[in-house]
Amino acid sequence: MYETMAVWDTVLVDRDQHGFVPGMVELEREFASLWRAADKVVFSTTLSRVSTPRTTIEGAIDADRIRRLKANTARDITVGGPHLASAMLAAKLVDEVHVFVHPIIIGHGIPIVPKDVRIPLEHVAETKLGAVTQLTYRVL
């Protein structure tokens, strides 16, 4: 997931920059800006180094380490990737879930919810982002 997301550090989103990507929508520009400003922690047992600024690497997913990180930051923490999301859901470290519904059916993938885990949710918001719908739920 980290290697997939790292593109947000290099994609050009300013019309005045050489190599600007035409057609990049405002939402993508906003996300790239947020990504670049964020401190990132990568949990990986296979990566030995990271290639993006403001990024540190940790070994295996450690719920206690994440609990401390969560307790010591005033900012929201965003989770990317099904394995980390699954571990955080299982450890009851998730306060809110954002689901992005894209108009395509894929039919396979890695589930983000651990097997045999039931998490009650309360619908908080729904936002249209072009063809994509973002659903926001609070974990009860």
K.L.:
Show me, pair by pair, the donor-acceptor contacts under 3.5 angstrom made by side chains of residues 55-67, not counting sequence neighbours?
P.N.:
unit_1	atom_1	unit_2	atom_2	d
Thr55	OG1	Thr52	O	3.3
Thr55	OG1	Thr52	OG1	2.7
Thr55	OG1	Pro53	O	2.9
Glu58	OE2	Arg65	NE	3.1
Glu58	OE2	Arg65	NH2	2.9
Asp62	OD1	Asp64	N	3.0
Asp62	OD1	Arg65	N	3.3
Asp64	OD1	Arg67	NH1	2.9
Arg67	NH2	Ala91	O	3.3

K.L.:
Do Ile110 and Met1 sit in the same hydrophobic cluster, where Ile, Leu, Val, Met, Phe, Trp and Tyr count as joined when their side-chain heavy atoms come under 4.5 Å apart?
P.N.:
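No.
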K.L.:
Strictly distance-based, threshold 3.5 Å: is any side-chain N or O of Lys40 a donor or acceptor partner for the main-chain N or O of Ala38?
P.N.:
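At least one qualifying donor-acceptor pair exists.
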K.L.:
Taking all non-hydrogen atoms of both residues, which atom of Ala131 and which atom of Pro103 are closest, and how far apart?
P.N.:
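The pair with the smallest heavy-atom distance is O-CD, 3.6 Å.
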K.L.:
Any chance you could lay out the side-chain contact (heavy atoms from CB on, under 4.5 Å) test for Trp8 and Ser33, step after step, and finish with the verdict?
P.N.:
CA-CA 8 Å; Trp8 294 105; Ser33 176; over 6 Å; no
K.L.:
Should Asp95 and Val139 be marked as a side-chain contact (heavy atoms from CB on, under 4.5 Å) after you check the CA-CA gap, both sets of side-chain angles, and the distance that decides it?
P.N.:
CA-CA 5 Å; Asp95 302 316; Val139 174; 5.7 Å; no
K.L.:
For Ile77, is there any backbone N or O sitting under 3.5 Å from a side-chain donor or acceptor partner on Lys70?
P.N.:
no
K.L.:
With clusters defined by side-chain heavy atoms of hydrophobic residues (ILVMFWY) lying less than 4.5 Å apart, directly or transitively, does Val41 cluster with Met88?
P.N.:
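Yes, one cluster joins them.
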K.L.:
Can you tell me how far the OG atom of Ser44 sits from the CD atom of Glu3, to the nearest 0.5 Å?
P.N.:
8.0 Å
K.L.:
Check salt bridge (Lys or Arg N to Asp or Glu O under 4.0 Å) between Arg68 and all other residues, then give those that pass, not counting sequence neighbours.
P.N.:
none
K.L.:
If a pair satisfies ring-ring contact (aromatic ring centres under 6.0 Å, His included) and one of its residues is in residues 90-140, list it, with sequence neighbours excluded.
P.N.:
His123-Tyr137
K.L.:
Could you state whether Val99 and Leu129 fall into the same hydrophobic cluster, counting links through intermediate Ile, Leu, Val, Met, Phe, Trp or Tyr residues with side-chain heavy atoms under 4.5 angstrom apart?
P.N.:
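Val99 and Leu129: separate clusters.
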K.L.:
Indicate if Phe43 and Leu47 have the same hydrophobic cluster label, given that clusters are the connected sets of ILVMFWY residues with side-chain heavy-atom separations under 4.5 angstrom.
P.N.:
no
K.L.:
In terms of heavy-atom contacts, does NZ of Lys128 have more than 12 from other residues, nucleotides or ligands at under 6.0 Å?
P.N.:
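For Lys128, atom NZ is crowded (more than 12 foreign heavy atoms under 6.0 Å).
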K.L.:
Does Leu93 belong to the same Ile/Leu/Val/Met/Phe/Trp/Tyr cluster as Leu84, with side-chain heavy atoms less than 4.5 Å apart forming each link?
P.N.:
yes
K.L.:
Assess whether side-chain contact (heavy atoms from CB on, under 4.5 Å) is satisfied between Thr4 and Val7, documenting all intermediate values.
P.N.:
CA-CA 6 Å; Thr4 299; Val7 69; over 6 Å; no
K.L.:
If I compare all heavy atoms of Val124 with all of Arg138, which pair ends up nearest, and what's the gap?
P.N.:
CG2-N, 3.5 Å
K.L.:
Before accepting this row, confirm whether a basic side-chain N of the pair Asp9/Arg54 lies closer than 4.0 Å to the acidic partner's carboxylate O.
P.N.:
no
K.L.:
Does the side chain of Leu140 reach to within under 4.5 Å of the side chain of Leu121, using non-hydrogen atoms?
P.N.:
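Heavy-atom side-chain distance check fails, nothing below 4.5 Å.
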K.L.:
Passes side-chain contact (heavy atoms from CB on, under 4.5 Å), Val101 versus Leu135? Steps please.
P.N.:
CA-CA 8 Å; Val101 180; Leu135 304 170; 3.9 Å; yes
